[in-house]
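Please read the structure below before turning to the comments.
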Amino acid sequence: MLKITGVPGLQRTRPKRSSLERSWTPSSRILASMDERNVMTWKAPCLVCGKMNKDGRGIFCHNFFTNKSSFPLCRAAYCGGCYRAYEDFPFPIQKTLEEEEEEENGFVTEETRKGRFLSARDGDHIMGCPFECDLCQFRNVAHRDVMWEDPDDIYMLACIRRASLDAMWSREKDTVEGNAYRMRLDLKKAMARFAIAALLPKLGNPEMEDKVGMGIALITLEASLRPGRHTNHLQWESMRKTATWFKHAWEAITGNEDGGSVYASDNKTMYATDCPTRGMWYKSFLLGAKKRMGMIRKQDEALTLAQLMVFLEVVEEEWSRASERKELKSLEEVAAFVCIGYCVSLRGEEVPLTSIKGLLELWKETLEHETPHIMLPLRGKFKGEDNFKWHLIPIADNTRSNIPTRRWVSRLLIRRCVEEGQREGPLFAKADGTPASLGMYDPTFRRLLEKAKEAHPRAFSVKTMVEDYSLRRSLRRGSTTEAQNNEVPEATIELVNRWRKREKAKGAEPGLPFST
């Protein structure tokens with residue numbers, strides 16, 4: 001369990017019964033002045049500081065007027081600033097503005113970031129997200145009351161508080177407070193003048209039932225505390241995968257029995273579902289968690305043209321001295337992989353889809369063409385496609401950069417066809433014949449790149465770290481940067497980098513940017 005002290009803005013205590021369970025009983029006069037359907041009339045002292053919340057200010061549990069099972073009325077209310085996260089149970093909160101993506105409402109400065117994600121705001125209970133206090137949510141999930149001496153129950157209460165705050169922070173402070181102020185302004189005189197019996201639905205959840213997905217939100221938060229690859233916790237992109245397995249399990253168990261087709265078009269059908277992770281509250285929780293945690297991206301360094309050429313020079317030297325077939329093949333695979341990925345700006349996982357059969361069928365024709373080129377055939381099922389398909393991408397033999405693509409592809413093709421007797425299947429393959437993974441080549445790629453850096457230090461910046469390069473994206477990023485430096489039209493770059501989008505358009509013009 002994480003333990004961090006001295007974090008500004010966090011509540012310095014762990015969950016206590018006195019700050020979660022009501023001890024206030026309203027007088028008959030106060031009860032008579034309140035209307036359960038009009039939150040503007042609700043009144044209650046804050047469970048933390050004792051200040052009276054009224055006239056639509058503060059935050060109230062939705063069960064303020066509703067008995068949950070056999071438990072007494074909740075009557076929980078807080079000042080917005082008193083409903084805070086706990087210091088003894090901290091979850092990762094971004095520390096710099098650079099970790100946060102652009103906010104939905106205007107520009108956020110370092111000054112306005114102070115206190116973000118640490119407490120609620122007045123009106124959070126009625127401005128978008130269903131809110132039940134920590135005690136009610138515990139009962140919803142556990143189907144029992146809190147055991148106040150049990151540390152696991154105390155930890156669960158702290159996690160419930162964090163999940164509720166994340167859901168609230170899916171909306172910015174100005175949005176919540178602005179809408180709450182407008183609600184108070186509109187209703188103050190209007191409700192006294194007009195005989196409107198029930199403007200809003202009655203609040204409250206009388207059953208001990210988790211209707212919003214708090215249970216899976218707690219599991220998601222706990223998963224987020226596992227160590228990540230680049231930080232001491234999981235990144236948001238990894239954390240949110242918890243919701244994916246839950247959705248699949250939910251639908252497998254229920255058979256989506258309550259779901260019917262509500263919309264259908266030629267390409268997509270949408271269904272109704274009662275899975276909690278598809279509901280509004282859980283979506284708000286995920287968005288709030290994303291804002292709180294931030295996004296720490298570690299991008300692959302772009303491989304420049306100069307670095308590519310000295311890399312290939314080093315590979316050529318090793319290949320000319322090598323004698324063992326295994327070593328020769330390893331060098332041919334890495335060099336061909338790099339040439340292909342760089343020349344057509346492919347993602348690392350796309351290069352291994354190169355087909356031997358397609359290369360053989362088109363090799364002679366493309367070599368004898370008036371503009372000699374390699375027609376790169378990729379065979380596979382890509383994201384968004386239902387079946388295996390061919391994708392053909394040309395690579396010119398003669399380029400201004402003199403990248404020897406045909407030389408390295410030819411060497412590897414000869415080895416695969418002549419020595420290994422393969423006439424079909426992937427050009428880059430594992431021992432069992434299935435497409436290789438880029439992870440098979442990354443270590444060799446980095447070793448040779450380190451050697452190229454030592455032999456040609458001027459091609460690399462002083463602070464260049466070879467471990468920042470990977471076949472996953474370094475080739476694509478380097479290719480795109482080189483095209484931009486040579487003033488290649490943006491529309492052409494988009495066409496090359498988004499070749500799948502053009503083919504999926506099936507004859508229509510895809511949504512690529514206009515060129516001027």
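Throughout, residue positions are numbered sequentially from 1 according to the sequence presented. What you see is a predicted model; the values in this text were computed from it and never measured.
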When every non-hydrogen atom of Arg121 is compared with those of Met168, the smallest separation belongs to NH2-O, 2.8 Å

Below 4.0 angstrom, N of the basic side chain to O of the carboxylate: do Asp166 and Arg292 qualify?
yes

Can you name the nearest heavy-atom pair linking Glu318 to Arg447, along with the distance?
OE2-NH1, 3.1 Å

Any donor-acceptor pair under 3.5 Å linking the side chain of Arg416 with the backbone of Leu427?
yes

Does a salt bridge link Arg446 with Glu301, judged by any charged N lying under 4.0 Å from a carboxylate O?
no

Which atom names give the shortest non-hydrogen contact between Ser323 and Leu328, and what distance separates them?
O-CD1, 4.1 Å

Looking at Ala459, is its backbone amide N or carbonyl O close enough to the side chain of Gln307 to form a donor-acceptor pair, meaning the two atoms are under 3.5 Å apart?
yes

Mind checking whether Phe91 and Tyr155 have parallel, tilted or perpendicular rings, split at 30° and 60°?
parallel

Taking the side chain as every heavy atom from C-beta outward, state whether Cys343 and Thr399 have any atom pair closer than 4.5 Å.
no

Is it the case that the side chain of Lys329 and the backbone of Leu412 share a donor-acceptor pair, with hydrogens and angles ignored and the cut-off at 3.5 Å?
no

Can you tell if the side chain of Leu157 reaches within under 4.5 Å of the side chain of Phe138, non-hydrogen atoms only?
yes

Check: Phe311 ring centroid to Tyr469 ring centroid under 6.0 Å:
no

Measure from the side-chain N and O atoms of Trp169 to the backbone N and O of Ser119, and report whether any donor-acceptor pair falls under 3.5 Å.
yes

Donor-acceptor contact present, side-chain Arg476 to main-chain Ser345, <3.5 Å
yes

Side chains of Asp300 and Leu475 in contact at under 4.5 Å (non-hydrogen atoms):
no

Less than 4.5 Å apart, any side-chain heavy atom of Tyr282 and any of Thr220?
yes

Assess, by modelled atom type and distance only, whether the side chains of His391 and Glu350 contain a donor and an acceptor separated by less than 3.5 Å.
no

Minimum side-chain heavy-atom gap Leu359-Ile374 below 4.5 Å
yes

Between Ala302 and Thr481, which heavy-atom pair has the shortest distance, and what is it?
CB-OG1, 4.4 Å

Salt bridge check, Glu333 against Arg415: does any charged N sit closer than 4.0 Å to a carboxylate O?
no

Main-chain N/O of Leu471 paired to Asp442 side chain as donor or acceptor, under 3.5 Å
yes

Considering all heavy atoms of both residues, which atom of Ala85 and which atom of Arg162 are nearest to each other, and what is their separation?
CB-NH1, 3.7 Å

As a test of understanding, state which of Leu438, Ile340, Ile356 forms a side chain to side chain contact (heavy atoms under 4.5 Å, CB included) with Phe428.
Ile340

Does Gly215 offer a backbone N or O that forms a donor-acceptor pair with the side chain of Asp210 under 3.5 Å?
yes

Salt bridge or not for Glu177 and Arg171, using N-O below 4.0 Å?
no

So, the side chain of Arg161 versus the backbone of Arg84: is there a donor-acceptor pair under 3.5 Å, distance only?
yes

I'd like to know if Lys247 and Glu251 make a salt bridge, using a cut-off of under 4.0 Å between side-chain N and carboxylate O.
yes

Tell me whether the rings of Phe246 and Trp250 are parallel (<30°), tilted (30 to 60°) or perpendicular (>60°).
tilted

Side-chain donor or acceptor of Thr366 paired with backbone N/O of Leu362 under 3.5 Å:
yes

Which heavy atom of Pro352 sits nearest a heavy atom of Ala436, and at what distance?
CB-O, 3.2 Å

